[in-house]
Amino acid sequence: MTLKGSGAMFQERSTQVRCKLEKILKETIKDLFGVEIIPEVGHPPSDELGDYSTNAAFLLSEKLKKKPEDIALKLAKNLQGDIVQLATTISGFVNIKIKKGAWIEELKGSIHPDYGKMDWGEGEKVLLEFVSANPTGPLHVASARAATFGDSLSRILESQGFNVSREYYFNDSGSQVELLGKSIELKIKELNGERVDYPPNTYRGDYITELAKKAMNKKIKDYVDFGVKEILKMQKSTLDRFRVNFDEWISESELKKNGMADKIIKDLHELKPSVLVKKEGALWFTAGDRERVFIRSDNSYTYVVPDIAYHRYKFNRGYDVLIDLLGPDHIDHIPELKESLELLGYPVGNLEVKIIQWITLKRGKETIKMSKRSGEFITIDELIKEVGVDAARFFFLLRKSSVPMDFDLELAKEQSERNPVYYIQYGHARISSLLDLAKYKGYSVNLPENLDLLSKEEELKLIRKIPEFKEALEDSAKMREPHILAYYLLDLSKLYHNFYQSHRIIGGEEELILPRLFLSNSVRNVVARGLSLLGVSAPERM
RNA sequence: GCGCCUGUAGCUCAAUUGGAUAGAGCAUCGGACUUCUAAUCCGAGGGUUGGGGGUUCGAAUCCUCCCAGGCGUACCA
């Protein structure tokens, strides 16, 4: 795996405080015990115990053949440095309290418009493929989850210095699009007054009627080509409204036309003839106890072959990391995809496949069964109309990708004001309005001299939480999980609301006005930055 | 049958990928605005992490066996 930024390179760490602490720990351990380890730094379960904690003593106890408690005690006693205020131990854990001054230093950069931007991605080229729906109809809500996830993840990775390209692969050949063409053709006949019988698999729905009318006006002959182009245009504009953009749109039929699929079979055959077996008129790919058809008896390719070709094309364009966001219906093809690429000599370890689980759509207790062919499905456009882009996107982002989720439309509609996204946005609007008033009264919201006057519990909590933005971003990027950032923003907002409610800012203690305004400005900036990375708006007023 | 995913408070979900006393929101109950946005805040109750066994300093997390649900298991994509 090419997970940059993990491991011993402290300079890549997010915050100065964390970076320094890890260095101090490593050096102290080396001095005391003569051992070099990479201590894990985390947070204690409660703020009162300290800002950071480490399990170094447990890691050392086996090597040193000593009790963790004793090691921890010795480590804590000798832990010094310009940022460490106090180190204590509880049953083998070392808890470290950081000096307030170090946090304040950390805080100073937090009103920068690019706050949180880091470069540990080192320009690594990442190709993120997602949505990749069939061009046979409007995008439905299952794609909305993947769209949100992929788009937000791209933004997050870019903020950490990765060079991300977003790709949409569409299947414009084969039986599905043939059916689309057929559906349009039949609809035209019907519009012309002919009696038609629709075969069971043809597509219905209003969009077919619209396409048929348009095709009639333009006197179109090639319904498949026309239909695919029109539907891609539709999907693109839907995604645009959902604030999701792609850099490249890759056509399956183009790959085939260029001979890329043929070359896969040819190369596999040359490299390892035994994996391709002719049986019952078809060509099978065999590996272990799995067998899957690659070429049907009518000489056409199954889905996997052009997909392998596509992935080879990805590698050949020089990407370091390939991330696929797939629906659970694609799980079965992953082994063939990876094995083929491996045989062809590509570093499959750099291919990360993430499954974005389905959503079950509900209205109250009733489950909505979705079927494209019947035309009964909820589209992203309908979702935007009913729930709104911000609420819908945030709803998806609150869940990690591997878990199937229920999406209750009724709840989302009814309680849209209670959707946590409004909690965060409200905080942002609240601060915006506060800062407006401050400016009107002539107060500066920039860096004041006396930040260290901030000493109330609610203030200190914010001072420590704001720099954690960098850690949340870093974790989000490494784990490929945007929900980590979403949860961070919720936590930060909660702390701010709490602070705001407990202390009066303008009109409060005179010497605290400027520091508190700065603190508020920081939160506003971090929230705005965070929301924009999630593709959610940060309103000034609500 | 086989493969993958899931099971955490009444509900919807977290838990820094093996860390400490498992946390939020919603719902319930009780409180807080003459003052910067009450779409807010504070407090209370709520748990054998589906169940058993194992691995170790330490398990919601890893292994194993059951139970329950979802998806896949096509010469569809």
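Letters A, B, ... mirror the listed sequences (proteins, then strands); counts begin at 1. Please read all numbers here as calculations on a predicted model, not as lab measurements.
Under the 3.5 Å distance criterion, with hydrogens and angles disregarded, a donor-acceptor pair is assigned to the side chains of A/Ser520 and A/Tyr496. Remark: the A/Ser300 side chain and the A/Asp298 side chain contain an N/O donor-acceptor pair separated by less than 3.5 Å.
Shown here are the salt bridge (charged side-chain N to carboxylate O under 4.0 Å, His left out) partners of A/Lys257, two or more places apart in sequence or in another chain: A/Glu254. A/Asp262 meets the salt bridge (charged side-chain N to carboxylate O under 4.0 Å, His left out) test with no other residue; sequence neighbours excluded. Applying the salt bridge (charged side-chain N to carboxylate O under 4.0 Å, His left out) criterion to A/Glu339, with sequence neighbours excluded, gives no partner residue. Residues satisfying the salt bridge (charged side-chain N to carboxylate O under 4.0 Å, His left out) criterion with A/Arg292, sequence neighbours excluded, are A/Asp332. Listed by chain and residue number, nothing satisfies the side-chain hydrogen bond (donor to acceptor under 3.5 Å, both in side chains) test with A/Asp491 (two or more places apart in sequence, or in another chain).
Nearest-nucleotide positions on RNA chain B place A/Glu481 closer to the 5' end than the other of A/Glu481 and A/Asp332. For A/Ser300 and A/Ser401, each mapped to the nucleotide of RNA chain B holding its nearest heavy atom, the one lying further toward the 5' end belongs to A/Ser401.
Nucleotides B/G30 and B/G69 have their P atoms positioned 40 Å apart, rounded to a whole Å. Separation of the P atoms belonging to B/G47 and B/A22 is 12 Å when rounded to the nearest angstrom. Taking atom P in both B/C67 and B/G51, the straight-line distance is 15 Å, to the nearest Å.
A/Lys461 places none of its side-chain heavy atoms less than 4.5 Å from the side chain of A/Glu458.
Note on residues 133-142 of chain A: no pairs pass salt bridge (charged side-chain N to carboxylate O under 4.0 Å, His left out), not counting sequence neighbours. Residue pairs meeting the salt bridge (charged side-chain N to carboxylate O under 4.0 Å, His left out) criterion with at least one partner in residues 419-433 of chain A, sequence neighbours excluded, do not occur; the list is empty.
Out of B/C13, B/A38, B/A39, the shortest distance to the side chain of A/Arg430 is found at B/A38. For A/Ser433, the side-chain atoms get nearest to B/U37 when compared with the rest of B/A15, B/U37, B/G19. Listed candidates were B/C76, B/U37, B/A20. Nearest to the side chain of A/Gln176 is B/C76. Nearest nucleotide to the side chain of A/Val293, out of B/U17, B/C75, B/U16: B/C75. Listed nucleotides B/C75, B/U40, B/U16 differ in distance to A/Tyr426; the shortest reach to its side chain belongs to B/U40. Nearest to the side-chain atoms of A/His497 among the listed nucleotides B/U40, B/A14, B/A20 stands B/U40. Set against B/A14, B/U16, B/C75, the side chain of A/His483 has B/A14 as its closest nucleotide.
No donor-acceptor contact under 3.5 Å links the side chain of A/Ser61 to the base of B/C57. Below the 3.5 angstrom threshold, one finds no donor paired with an acceptor across the side chain of A/Asp329 and the base of B/G72. Side-chain atoms of A/Asn95 and base atoms of B/A20 include a donor and an acceptor less than 3.5 Å apart. No N or O donor and acceptor, one from the side chain of A/Ser46 and one from the base of B/A20, sit under 3.5 Å apart.
Counting to the nearest Å, the P atom of B/C41 and the CD atom of A/Glu458 are 13 Å from each other. Rounded to whole Å, the distance from OH on A/Tyr423 to P on B/U40 is 7 Å. In this structure, NE2 of A/His428 is placed 17 Å from P of B/U40, rounded to the nearest angstrom.
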Could you write out each protein N or O paired with an N or O of nucleotides 29-32 of chain B at a distance under 3.5 Å?
none

N/O contacts under 3.5 Å, protein versus nucleotides 2-7 of chain B?
{"residue": "B/C5", "atom": "O2'", "partner": "A/Ser402", "partner atom": "O", "Å": "3.2"}

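Put simply, A/Lys494 has a side-chain N or O that comes within less than 4.0 Å of OP1 or OP2 on B/G25.
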